[in-house]
Amino acid sequence: MEKRELIYEGKAKRVYTTANPDLVVQYFKDDATAFNAKKRGTIASKGVVNNAISETFFRLLEANGVPTHFVERLNEREMLVKRLQIIPVETVVRNIIAGSLAKRLGLEEGKSLPEPIVEYYYKNDALDDPMINQWHVTVLGMATAGELQTVTDLALKTNTILRPHLEQRGILLVDMKLEFGRHHGRILLGDEICPDTCRFWDATTRKKLDKDRFRQDLGEVEEAYHEVHRRLCAGT
Ligand code: TMP
Ligand code: ASP
């Protein structure tokens with residue numbers, strides 16, 4: 001699929017139009033940022049690894065009834081996806097206490113939650129992606145109540161599908177951030193699902209295998225991304 005015009009450049013991806021107005025190409029970069037781009041760096045081969053990991057997850061989700069924007073992986077760094085009208089809400093699902101949940105509520109990192117917690121953040125860099133609730137989403141018109149229900153149901157279903165898949169490969173799904181959008185009246189899961197957007201811990205050692213290694217300067221960043229890739233995509 002021939003790339004045409006660059007329509008979006010984010011911190012980790014570029015998006016290009018194609019000859020088909022319904023389809024766009026996502027190009028995965030090696031650039032990494034944290035703390036709303038106050039920290040910047042590069043993670044060698046991250047784009048290649050995240051493209052492959054995202055493909056694996058999108059195929060698994062589609063096979064289990066979660067509609068996604070995924071069409072096909074075109075090459076090492078590019079994925080063909082359906083063009084979405086993105087809903088400006090980041091939906092976070094948490095299984096184990098970590099990150100901003102631990103910090104905000106003064107909780108100990110690492111404790112399993114009795115059931116998943118869903119949170120919403122307003123996708124707005126200028127405001128540092130503030131946390132919002134269901135009323136902000138619906139009353140301020142980011143999505144209708146019906147759309148938000150679909151988003152929440154699909155986020156929890158995604159969690160239910162990915163958790164055991166990862167655990168079978170020795171990885172705990174601590175939490176993850178998902179984005180959804182509209183495509184011809186349907187809500188589809190979009191963006192990417194990878195070590196940039198999820199927390200993955202080794203199930204035995206609890207070693208962090210995700211972007212927290214970059215955010216917190218823990219070292220062995222590339223190795224962690226490759227380890228997740230090896231466990232999820234071996235043989236593909
Ligand atoms: P948090 O604990 O920092 O709120 O992060 C929750 C999850 O969301 C974690 O898996 C990392 C992911 N995330 C992003 O994908 N993008 C972001 O900008 C942030 C802050 C978190
Ligand atoms: N997306 C964040 C940033 O703005 C990074 C993070 O994942 O923490 O730089």
Side-chain angles (χ1 to χ4, degrees), residues 8-15 26 28-43 46-47 49-51 53-54 57-58 68-69 86-113 116-133 136 151-152 154-156 158-159 161-163 165-167 171-181 189-203 206-218 221 224-225 228 232:
Y8 167 83
E9 175 143 16
K11 294 167 197 144
K13 289 191 300 301
R14 293 189 200 112
V15 179
Q26 285 197 144
F28 289 74
K29 305 194 282 186
D30 287 347
D31 299 349
T33 65
F35 315 116
N36 198 10
K38 287 180 202 64
K39 178 184 172 98
R40 288 172 182 277
T42 323
I43 301 174
K46 174 170 84 76
V49 166
N50 283 355
N51 191 18
I53 295 172
S54 293
F57 284 144
F58 283 134
T68 80
H69 70 160
I86 283 285
I87 294 171
V89 175
E90 299 190 347
T91 303
V92 169
V93 182
R94 301 180 184 273
N95 299 306
I96 297 176
I97 296 172
S100 68
L101 175 62
K103 198 168 170 196
R104 187 169 353 95
L105 300 184
L107 300 172
E108 193 191 335
E109 182 168 287
K111 200 168 167 291
S112 288
L113 294 162
I117 287 178
V118 178
E119 297 171 348
Y120 310 107
Y121 293 84
Y122 177 39
K123 201 173 147 57
N124 185 315
D125 282 342
L127 300 175
D128 262 347
D129 295 349
M131 193 183 197
I132 51 176
N133 67 29
H136 296 104
V151 162
T152 307
L154 291 175
L156 287 168
T158 297
N159 188 52
I161 295 164
L162 296 192
R163 255 179 113 175
H165 183 83
L166 284 155
E167 273 179 38
I171 298 173
L172 298 175
L173 178 59
V174 174
D175 53 36
M176 63 181 162
K177 185 267 298 179
L178 303 171
E179 296 186 25
F180 295 86
L189 175 61
D191 196 44
E192 58 182 324
I193 311 175
C194 62
D196 278 9
T197 62
C198 303
R199 285 197 174 91
F200 296 132
W201 292 356
D202 181 275
R206 298 213 146 201
K207 180 176 175 178
K208 295 181 200 293
L209 298 174
D210 56 58
K211 196 174 164 190
D212 270 352
R213 301 205 73 82
F214 170 79
R215 293 187 187 101
Q216 301 171 7
D217 292 317
L218 299 177
V221 183
Y225 278 71
V228 173
L232 293 173

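Only a predicted model underlies this, so the values are computations on that prediction, with no experimental measurement involved. Whatever order the structure lists ligands and atoms in, that order sets their numbers, starting from 1.
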Inset, instruction - For residues Ile96 and Leu113, report the shortest heavy-atom separation together with the two atoms involved. - result: N-CD1, 4.2 Å

Legend entry - Nearest heavy atoms of Tyr121 and Arg94, plus distance in Å: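 The pair with the smallest heavy-atom distance is OH-NH2, 3.5 Å.
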
Legend entry - Whether Lys46 side chain and Ile43 backbone form a donor-acceptor pair below 3.5 Å: no

Inset, instruction - May I ask you to identify, for Lys39, whether its side chain, its backbone, both or neither come under 4.0 Å of ligand 2 on a heavy-atom basis? - result: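 Contact part for Lys39 vs ligand 2: neither.
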
Inset, instruction - With heavy atoms only and a cut-off of under 4.0 Å, state how Arg215 meets ligand 2: side chain, backbone, both or neither. - result: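 Only the side chain of Arg215 comes within reach of ligand 2.
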
Inset, instruction - State whether the number of non-hydrogen atoms from other residues, nucleotides or ligands found under 6.0 Å of Gln216 atom CD is greater than 12. - result: yes

Only heavy atoms of [X], strictly under 4.0 Å: list the atoms of ligand 2 that pass.
X     : answer
Asn36 : 3 (C), 4 (O), 9 (O)
Thr33 : 3 (C), 4 (O), 5 (C), 6 (C), 9 (O)
Ala37 : 3 (C), 4 (O), 9 (O)

Legend entry - Asp196-ligand 2 polar pair, N/O distance under 3.5 Å: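 No, Asp196 has no N/O under 3.5 Å of an N/O on ligand 2.
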
Legend entry - Polar contact flag, side-chain donor to acceptor under 3.5 angstrom, Asn159-Asn95: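 Indeed, the side chains of Asn159 and Asn95 share at least one donor-acceptor pair under 3.5 Å.
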
Inset, instruction - Determine whether the side chains of Asn50 and Tyr225 contain a donor N or O and an acceptor N or O closer than 3.5 Å. - result: no

Legend entry - Mutual orientation of the aromatic rings belonging to Phe58 and His69 [parallel < 30°, tilted 30-60°, perpendicular > 60°]: perpendicular

Legend entry - Minimum-distance protein heavy atom relative to atom 1 (N) of ligand 2: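 I find the closest protein heavy atom is Lys11 NZ, 4.0 Å.
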
Inset, instruction - State which residue, out of Asp191, Thr197, Thr91, fulfils the side-chain hydrogen bond (donor to acceptor under 3.5 Å, both in side chains) condition with Lys177. - result: Asp191

Legend entry - Note, Ser54 side chain near Phe28 side chain (heavy atom, < 4.5 Å): yes

Legend entry - Pocket residues of ligand 1, ordered first by chain and then by residue number (heavy-atom cut-off under 4.0 Å): Val92, Arg94, Gly99, Ser100, Tyr121, Asp175, Met176, Lys177, Asp196, Thr197, Cys198, Arg199, Arg215

